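Labels below follow one simple rule: chain letters A, B, ... track the order of the sequence lines, proteins then strands, and each chain is numbered from 1. Just the heavy atoms: all of them, side chains too, but no hydrogens, waters or symmetry mates, feed the values below. Just so we're clear, the structure is a prediction, and the values are computed from it rather than from any experiment.
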2 protein chains.
Amino acid sequence: MATDYEVPAIRRAHQILETLATKGTPVSAADLGLATGLPKSTLYLLLESLVQRRWIEKRSDGYLIGIGLYTLGASYLRHDALQEAFRHAAVEFVEREKEVLQLAVLDGDEVVYIAREDAPRPVRLVSELGSRLPAHACALGKALLAQLPEAKLQQLLPARLPAITEHTVTDLAQLLEQLREVRRSGVATEQEEVTAGLCCFAAYVGQTPSGKSIAVSTSIPVARLDAQRRSDIRGEIANVAAQMKKAIVG
Amino acid sequence: MATDYEVPAIRRAHQILETLATKGTPVSAADLGLATGLPKSTLYLLLESLVQRRWIEKRSDGYLIGIGLYTLGASYLRHDALQEAFRHAAVEFVEREKEVLQLAVLDGDEVVYIAREDAPRPVRLVSELGSRLPAHACALGKALLAQLPEAKLQQLLPARLPAITEHTVTDLAQLLEQLREVRRSGVATEQEEVTAGLCCFAAYVGQTPSGKSIAVSTSIPVARLDAQRRSDIRGEIANVAAQMKKAIVG
DNA sequence: CGGGAATTTCCAACATATTGGACAGTAAAA
DNA sequence: TTTTACTGTCCAATATGTTGGAAATTCCCG
């Protein structure tokens, strides 16, 4: 920890992979050069190495994230038998409410989705597995942030939070107030702060043995919500979280 | 392609990550040293770099694959809108047969699972997402291998294939004969060649725009199968594959 | 509390990875 | 055909990554 030295090749590789992952579509070597600022010679050497490892794949129209990286990354999901515990806890909820249920982990000031149980008629708008969202904007993030001490929050989040939609909370003080409310009620909410027409409810699950901070949430079109159902959902999401908690702590 | 040179840091990082991914549980720095043969100094430098990138995570009892690698790798799933197409094609089958449906891609002589639609009562024995299986042993693998020219197969596979269970086909000639049959019927089968008590049916889907060779399969406990149902399943799996093919080709 | 083993940090000498730029091949546009 | 733009390859100088070993730190059990 004393040194902030980094193996340069790793940094360079990371730049390339991040560019490819963000883009999602094939990226040409020339564009990668522009995006990363790497010299051509270095770039081709690295690309060749990454292709050999299957971390990336080469197509006629550019480079893509490869199956090797997928395989390695997927190992993350096997920690703590989370998938199994989640599915077990989720099935009943989805059955009854016919709405999607998601599992996510906190990474810094972002939330990463790591499991999902789809409803019979999936909502097109929910986030894909592995995708990230700013924690301050979504219900999951609020549920997770609410577990951190305020001091930590102060250093993690800037005073002015980036907006995603016009409803996103952008004022830190206001967010902190919401988090206090989350702590009181045990359930975090968000309405159209990420996606227009979508409302989310989330509850904190706990820390897994391997140290991940996780929470569950559901995303429901506002059109399918009234006061009564909101209240029901809040209760149920808290239940699911409690059930999962029981399953994952040794 | 002229050079088989590799950026050394990438190779070293790969060794570490592969070790962690294979193990699945925290691995100590000392064990990583043993497993990879890397000098202590090098190892710690690399670990530090990987931790900074979130490719790995450090716990009190060792290192684990990190969320950053998961995020990067998950991008692989977004190619070709495969998840969506798969779910769409799978739902009906699962609904009717109450059995699991899986999607996989061929990587060399291995099959990698990339999507799954679970049955209401999930079979505990099916492979997890991101996991690999030798292609020659499973139905998915046979469906995929059957699409390759024999010359390619000869160079891809050794004459004696490794056995997983006592039923695994270990003789290349015998496998090639099976593959011919797969080409004729359009459906590949495997019974207890991977897991005792489990029988699989698979059908080739096609090449995605980004060049992946994919197939779908179902895994069913032999206890739930009779001659009639086997025949039904074969027809349905072929249907699912055909439906997916329609969806993914531009 | 110690003492001994395991873990982690640090550094300078050395080995080697990186890179600019020249060059070649290819495909589509002029 | 020439032009343009992009994709790769190659090489030698040198900037820089790597490593053995010593030292510091942490951990754990008697």
For this session: Using atom NZ of Lys40(B) as one end and atom P of dC11(C) as the other, report the distance to the nearest whole Å.
Result: 16 Å

For this session: Specify the separation, in whole Å, of atom CD of Gln15(A) and atom P of dT18(C).
Result: 13 Å

For this session: Answer yes or no: is there a donor N or O on one side and an acceptor on the other, between the side chain of Arg59(B) and the main chain of Ser210(A), under 3.5 Å?
Result: yes

Exercise. Which of the following nucleotides, dT18(C), dC10(C), dA17(C), is nearest to the side chain of Ser41(B)?
Worked result: dC10(C)

Problem set entry | Interatomic distance, Asp61(A) CG vs dC6(D) P [rounded to whole Å] | 15 Å

Exercise. So, are Glu6(B) and Arg53(A) salt-bridged, with charged N and O less than 4.0 Å apart?
Worked result: yes

Exercise. CD of Glu48(A) versus P of dT18(C): gap in Å, rounded?
Worked result: 14 Å

For this session: Look at the side chain of Ser49(B) and the backbone N and O of Val7(A), then say whether any donor-acceptor pair between them is shorter than 3.5 Å.
Result: yes

Exercise. In whole angstroms, how far is the C1' atom of dT16(D) from the CZ atom of Arg11(A)?
Worked result: 15 Å

Problem set entry | Earlier contact from the 5' end, DNA chain D, for Tyr44(A) and Leu43(B) | Tyr44(A)

Exercise. Please give, in whole Å, the distance from dT18(C) C1' to Leu47(A) CG?
Worked result: 15 Å

Exercise. Can you tell me how far P of dC10(D) sits from CG of Leu45(A), to the nearest Å?
Worked result: 11 Å

Seminar exercise, completed: The answer to which of Arg59(A) and Pro8(A) contacts DNA chain D further toward the 5' end, by nearest nucleotide, is Arg59(A)

Problem set entry | Side chain of Val7(B) (C-beta onward), nearest among dT18(C), dT18(D), dT7(D) | dT18(C)

Seminar exercise, completed: note: Asp31(B), atom CG; dT7(C), atom C1'; distance rounded to Å ~ 12 Å

Problem set entry | First encountered from the 5' end of DNA chain C, between Tyr63(B) and Ala9(A) | Tyr63(B)

Exercise. Is the closest side-chain donor-acceptor distance between Lys142(A) and Gln178(A) under 3.5 Å?
Worked result: yes

Exercise. In this structure, are over 12 heavy atoms from other groups packed under 6.0 Å from Gln83(A) atom CD?
Worked result: yes

For this session: When you get a sec, tell me which of dT8(C), dG17(D), dT18(C) is the closest nucleotide to the side chain of Arg12(B)?
Result: dG17(D)

